[in-house]
Amino acid sequence: MNALPRHLHPLIAQAELLAFDLDGTLIDSVPDLATAVDSMLSDMGRSPAGYDAVRQWVGNGSAALVKRALCQDIRGDQQLSDDDDEFLNAHQLFLQHYQHCKGEKTVCYEGIFTLLDQARTSKIPMVLITNKPYRFVPDILQELQLASYFALVLGGDSLAEKKPSALPLLHACQQLDIPSEKGVMIGDSITDITAGKNAGFTTIAVTYGYDHGKPVQECGADLVVDSLAELVR
């Protein structure tokens, strides 16, 4: 028997652009990020941070992650300046370690391909907007067989501003000639939801990612789901 046709959730069925976050939304990268953070801290004679702490610190780019690790505080990115010598040294160490271990333990979350495949079948353009430095992104996407889904990929350093700024989302709309009110931002944290709202996008949050200590149910998303597969019916 032929399988019954599948359809997208009504909230995105009429969308003209789906924008996805990467870490905590499509992939679980914390094991490799924690390895790089702990290797950096070891090089500096410090105690390891561990998986659970790093999981709370990711999502705002590598600089914020390193500052939080140095301060052992999710507010560490507000406590160290960008020209702090210790931070600059630590950031370079982190980037070197992550270059070596990226992708080793990173995996895709269950259910993501159900949505990605259906969106492609429905001919809805998709873009990837992450705060991860762009240099790491293409290899990870290729390794996890994600690259072919996206018409555009933006890293945290691709433009002058990163999420929660609206700039990356509006840039994607401009590049693909799509009005922002037809866009949907899908992410795992207040950073993604705020960026989406700032850009005039519909917003969808997933519960399983990295929430920066603020449950996504409290971030004001238009819809919260436990799996991206829930967006296909």
Side-chain angles (χ1 to χ4, degrees), residues 8-27 29 58-65 77 108-109 112 115-116 118-120 122-138 140-141 144 146-212 214-225 228 230-231:
L8 292 169
H9 187 284
L11 194 64
I12 59 174
Q14 302 304 314
E16 295 181 15
L17 177 69
L18 298 184
F20 291 87
D21 173 52
L22 182 61
D23 301 73
T25 301
L26 297 178
I27 66 171
S29 54
V58 300
N60 295 105
S62 62
L65 173 58
D77 55 312
C108 293
Y109 285 110
I112 70 165
L115 175 59
L116 293 173
Q118 185 59 46
R120 182 156 64 183
S122 300
K123 295 182 168 45
I124 300 176
M126 292 177 278
V127 298
L128 185 75
I129 302 178
T130 174
N131 280 347
K132 184 190 290 293
Y134 181 83
R135 63 189 273 195
F136 300 119
V137 179
I140 292 173
L141 295 182
L144 296 176
L146 289 167
S148 65
Y149 289 96
F150 302 111
L152 177 69
V153 175
L154 296 174
D157 50 1
S158 294
L159 301 171
E161 299 173 9
K162 61 179 181 289
K163 298 175 299 182
S165 168
L167 178 62
L169 285 69
L170 296 176
H171 177 80
C173 289
Q174 182 181 41
Q175 292 297 303
L176 300 179
D177 194 24
I178 294 169
S180 60
E181 63 269 20
K182 295 294 187 178
V184 178
M185 180 71 218
I186 301 173
D188 65 315
S189 73
I190 191 170
T191 300
D192 304 308
I193 303 309
T194 301
K197 288 183 174 299
N198 286 341
F201 279 39
T202 297
T203 56
I204 298 175
V206 299
T207 59
Y208 52 76
Y210 318 140
D211 60 17
H212 307 177
K214 182 178 178 64
V216 291
Q217 293 89 342
E218 301 174 8
C219 293
D222 295 299
L223 178 68
V224 179
V225 296
L228 291 186
E230 293 177 33
L231 299 173

Peer 1: Hey, are the side chains of L18 and L116 touching, using non-hydrogen atoms and a 4.5 Å cut-off?
Peer 2: no
Peer 1: Which value, rounded to the nearest 0.5 Å, describes the distance between I190 atom CD1 and D211 atom CG?
Peer 2: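 These two atoms lie 10.0 Å from each other.
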Peer 1: How many angstroms lie between atom OH of Y210 and atom OG of S189, to the nearest 0.5 angstrom?
Peer 2: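 So the OH of Y210 and the OG of S189 are separated by 11.0 Å.
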Peer 1: Roughly how far, to the nearest 0.5 Å, is the NZ atom of K182 from the CZ atom of F201?
Peer 2: 12.5 Å
Peer 1: In sequence, state the C-alpha distance, the side-chain angles, and the governing distance for F20 and L228, and then conclude on side-chain contact (heavy atoms from CB on, under 4.5 Å).
Peer 2: CA-CA 11 Å; F20 291 87; L228 291 186; 4.2 Å; yes
Peer 1: Would a 4.5 Å heavy-atom cut-off, applied to side chains only, mark V216 and V224 as touching?
Peer 2: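 Yes, side chains in contact.
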Peer 1: Evaluate the salt bridge (charged side-chain N to carboxylate O under 4.0 Å, His left out) criterion for residues D157 and K162: first the C-alpha distance (whole Å), next the side-chain angles of each, then the deciding distance (0.1 Å), finally the verdict.
Peer 2: CA-CA 7 Å; D157 50 1; K162 61 179 181 289; over 6 Å; no
Peer 1: Decide side-chain hydrogen bond (donor to acceptor under 3.5 Å, both in side chains) for T202 and D222; before the verdict, give the C-alpha distance in whole Å, the side-chain angles of both, and the deciding distance to 0.1 Å.
Peer 2: CA-CA 6 Å; T202 297; D222 295 299; 4.6 Å; no
Peer 1: Could you list the donor-acceptor pairs under 3.5 angstrom formed between side-chain atoms of residues 9-17 and any protein atom two or more places apart in sequence or on another chain?
Peer 2:
unit_1: H9; atom_1: ND1; unit_2: L11; atom_2: N; d: 2.9
unit_1: H9; atom_1: NE2; unit_2: R233; atom_2: NH2; d: 3.2

Peer 1: Could you walk me through whether V153 and Y134 pass the side-chain contact (heavy atoms from CB on, under 4.5 Å) check?
Peer 2: CA-CA 8 Å; V153 175; Y134 181 83; 3.9 Å; yes
Peer 1: Quick one: does any side-chain atom of Y208 pair with a main-chain N or O of T25 as donor and acceptor, under 3.5 Å?
Peer 2: yes
Peer 1: Out of T191, N131, D77, which residue meets the side-chain hydrogen bond (donor to acceptor under 3.5 Å, both in side chains) rule with N60?
Peer 2: T191
Peer 1: Kindly determine whether L128 and V137 satisfy side-chain contact (heavy atoms from CB on, under 4.5 Å), including the steps that lead there.
Peer 2: CA-CA 10 Å; L128 185 75; V137 179; 3.9 Å; yes
Peer 1: Would you give the length of the straight line joining atom OG of S148 to atom CE of M126, rounded to the nearest 0.5 angstrom?
Peer 2: 8.0 Å
Peer 1: Do the side chain of S158 and the main chain of G155 share a donor and acceptor less than 3.5 angstrom apart?
Peer 2: yes
Peer 1: Can you check side-chain contact (heavy atoms from CB on, under 4.5 Å) on F136 and S29, steps first, answer last?
Peer 2: CA-CA 12 Å; F136 300 119; S29 54; over 6 Å; no
Peer 1: For a 4.5 angstrom cut-off between non-hydrogen side-chain atoms, does L141 reach L22?
Peer 2: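 Heavy-atom side-chain distance check passes, below 4.5 Å.
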Peer 1: Nearest 0.5 Å, what's the CG-CD1 distance between L26 and I112?
Peer 2: 5.0 Å
Peer 1: With a 4.5 Å cut-off on side-chain heavy atoms, are L231 and I204 touching?
Peer 2: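 In contact.
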Peer 1: Below 3.5 Å, can you tabulate the donor-acceptor pairs from side chains in residues 163-178 to any protein atom, sequence neighbours excluded?
Peer 2:
unit_1: K163; atom_1: NZ; unit_2: D21; atom_2: OD1; d: 2.8
unit_1: K163; atom_1: NZ; unit_2: I129; atom_2: O; d: 2.7
unit_1: K163; atom_1: NZ; unit_2: D192; atom_2: OD1; d: 2.7
unit_1: S165; atom_1: OG; unit_2: E161; atom_2: OE1; d: 2.5
unit_1: S165; atom_1: OG; unit_2: L167; atom_2: N; d: 3.0

Peer 1: Between I193 and M185, is there a side-chain heavy-atom distance shorter than 4.5 Å?
Peer 2: no
